[in-house]
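Chain letters run A, B, ... following the sequence lines, proteins first, then strands; residues in each count from 1.
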Number of protein chains: 2
Amino acid sequence: MENEYYSQENHGPYSMYELGDFSLESGETLPNCQLAYASFGELNEDKTNAVVFTVMFSGTNKAMESYIGEGKALDPAKYFIIVPNQIGSGLSTSPHNAPAPHNGADFPDISIGDDVRAQHQLLTEKFGVKSIELVLGWSMGAQQTYEWCVRYPDMVKRAAPIGGTARTTPHDSLFVDVFSETLKSDPDWDGGRYTDAHGVALGLKRMAHVFALMGNCTEFYRQKKWEALGIDSLENYLTGFWEAWFKPMDPNNLLCMASKWKRGDVGAFSGKSLEDTLAAIKAKVFVIAFTNDMFIPLCDCQAEQQMIPNSELKEVPTLAGHFGMLGILEGDFDQINGYLGELLTTQ
Amino acid sequence: MENEYYSQENHGPYSMYELGDFSLESGETLPNCQLAYASFGELNEDKTNAVVFTVMFSGTNKAMESYIGEGKALDPAKYFIIVPNQIGSGLSTSPHNAPAPHNGADFPDISIGDDVRAQHQLLTEKFGVKSIELVLGWSMGAQQTYEWCVRYPDMVKRAAPIGGTARTTPHDSLFVDVFSETLKSDPDWDGGRYTDAHGVALGLKRMAHVFALMGNCTEFYRQKKWEALGIDSLENYLTGFWEAWFKPMDPNNLLCMASKWKRGDVGAFSGKSLEDTLAAIKAKVFVIAFTNDMFIPLCDCQAEQQMIPNSELKEVPTLAGHFGMLGILEGDFDQINGYLGELLTTQ
């Protein structure tokens with residue numbers, strides 16, 4: 001199904017890596033699976049300067065690029081930074097672009113583990129990387145970051161899961177159910193067999209409003225912090241920011257990612273308890289959490305951080321809540337960038 | 001439209017007070033408007049022992065009765081306690097029981113001010129009350145409590161708004177929009193002209209899940225606090241508690257209340273700023289707020305409390321969040337009951 005939103009023009013430049021027929025944890029195979037990724041900087045001769053920056057729900061590499069640049073912690077002059085897009089995200093092989101019989105509502109279940117195995121294949125087979133300086137990511141990116149630490153403990157030197165968990169909490173799981181059901185409430189949803197993604201606009205709009213409700217804290221709303229985006233009213237914040245974000249996307253792509261999010265659990269790979277799984281992490285970890293995060297409250301991040309041997313909790317005091325990562329409010333970017341810089345200087 | 005849920009059997013005993021043709025703030029008139037109320041204890045000879053206990057969204061007098069009884073702060077041996085049901089709540093005149101042409105989707109807009117004027121009429125005209133010892137209420141009950149303080153400053157000696165605001169915050173307004181839209185997303189909603197309220201079960205279920213998402217904090221979920229209700233799983237908590245609560249109700253009744261909630265603003269009566277309106281309150285006020293309340297965070301309650309001259313902020317430290325009022329968790333009832341007892345002893 002064509003969707004002009006998912007394009008080099010909007011999200012590039014990005015490259016495609018052929019994973020081949022990719023075996024999923026579900027037991028299914030995704031034929032000719034493609035992993036879209038952006039990269040910044042050059043891999044050094046020793047192949048010791050790689051950074052993996054994973055991507056959140058509904059995002060692409062483009063959404064994370066503001067953290068990458070000269071003078072920033074993620075400086076392409078020093079690091080070879082790879083930003084791999086999730087399977088199902090729209091740029092990599094996804095419900096909207098997969099050929100039948102794996103297209104649309106018939107796209108197979110993907111897991112966070114599948115994404116991380118695909119990324120590992122890219123890093124090792126294409127680039128020959130054996131050690132990673134830093135794996136990081138926000139929200140679903142944090143899920144992937146934890147998965148990297150657990151699955152490849154000897155490869156990940158440092159990790160920064162930001163506003164996300166190693167195992168999805170019951171409340172977070174309920175949140176995913178609520179916004180997924182809201183999306184599917186569209187009269188033209190048709191069990192995912194809609195003929196036009198843009199025809200599911202009402203479901204996308206309702207889902208956008210649930211994200212708005214949980215995405216920023218009440219104080220953000222009381223202080224009309226949307227003004228920091230040059231937006232002048234709550235109504236325009238809803239339409240011009242939240243609805244505008246989700247509206248061009250494909251619902252089956254979103255639900256593919258949502259399903260991964262809901263089932264996120266590092267214990268699925270280790271077969272052990274969360275405590276024992278996190279206790280085995282070898283990386284130096286900064287667990288970065290946002291004050292007033294209504295998706296993933298600081299206490300949830302902290303509970304996991306305390307199970308990781310070589311770790312520190314780093315708080316980002318922001319009214320933006322979960323969406324503090326977008327750097328909308330003064331100071332948020334600097335705080336996160338500062339933590340990343342600090343982490344990269346540790347041995 | 002018949003609905004056996006709204007009955008003396010389920011919510012009684014309650015009495016009906018005839019308001020007559022009741023003039024609404026919208027300019028419309030609700031003919032033969034009835035106010036359902038429960039009462040406890042006896043009005044003393046001086047008519048100086050009245051307490052008004054207002055009711056929350058979707059609730060009836062029955063929902064508040066656990067706070068009333070011998071040995072509790074609200075002791076019927078000492079106080080004449082009136083629990084008036086909201087107009088539109090199902091027991092008082094409401095969309096589901098009003099005769100045409102004011103029935104269902106054609107029920108007029110009601111305001112918090114309309115409710116409080118109706119309650120004032122009951123107190124003064126039927127009972128001859130001139131002074132009220134305490135007005136209290138939770139959530140939408142807090143909205144009514146504030147309205148009482150502002151509208152009848154010389155009549156209200158003490159007030160306890162619990163987990164609610166004098167003016168609906170932008171975030172809270174968004175919450176009302178989200179759950180209202182979720183309810184209306186039912187395929188059989190038909191603009192409120194459904195033929196069977198129970199046919200809107202999918203919308204009611206979706207709305208119940210939004211309430212579950214916002215009603216308790218994440219830590220409540222992580223610690224499986226539904227076990228305090230004798231419920232053994234998240235799934236059964238959703239079906240047996242949240243869905244079971246909303247399922248028997250009439251959607252137009254709920255939306256009548258939701259619309260009041262969204263427009264709640266004590267400044268609508270005073271015509272002044274929130275600061276000036278709250279500064280004019282004469283009652284001794286305990287603003288009672290719940291830790292981890294995701295509907296009405298403590299900071300929102302505190303911001304208003306600081307505008308009220310003779311007031312104190314009282315925190316209820318509970319994992320139940322907004323629904324701490326239901327006394328599900330050990331200690332919540334005692335804490336709230338204790339604050340009410342303390343307030344009633346002040347002069």
Legend entry - Partner chain B: residue of A:L202, A:T218, A:I296 with the largest heavy-atom pair count (under 4.5 Å): A:T218

Drop me the distance from [X]'s [atom1] to [Y]'s [atom2], to the nearest 0.5 angstrom.
X: A:F175; Y: B:H209; atom1: CZ; atom2: NE2; answer: 15.0 Å
X: B:C217; Y: A:D300; atom1: SG; atom2: CG; answer: 9.0 Å
X: B:L213; Y: A:S173; atom1: CG; atom2: OG; answer: 10.5 Å

Inset, instruction - Side-chain contact test, heavy atoms from C-beta onward, threshold under 4.5 Å: evaluate it for B:R206 versus A:V178 and give yes or no. - result: no

Legend entry - Min side-chain heavy-atom separation B:H171-A:E219 under 4.5 Å: no

Legend entry - Proximal component of A:N216, with respect to chain B [non-hydrogen, under 4.5 Å]: backbone

Legend entry - Positions in residues 179-194 of chain A that reach chain B, provided some heavy atom is under 4.5 Å away: A:E181, A:S185

Inset, instruction - Return the minimal non-hydrogen interatomic distance between A:P170 and B:L234, and the atom names on each side. - result: O-CD2, 4.0 Å

Inset, instruction - Please flag which part of B:L174 lies under 4.5 Å from any non-hydrogen atom of chain A: side chain, backbone, both or neither. - result: both

Inset, instruction - Using non-hydrogen atoms and a 4.5 Å limit, figure out which bit of B:D172 sits close to chain A: side chain, backbone, both or neither. - result: neither

Inset, instruction - Considering only heavy atoms, give the residues of residues 238-250 of chain B separated from chain A by less than 4.5 Å, sorted numerically, with 'none' for an empty result. - result: B:L238

Legend entry - A:K314, NZ: over 12 other non-hydrogen atoms inside 6.0 angstrom: yes

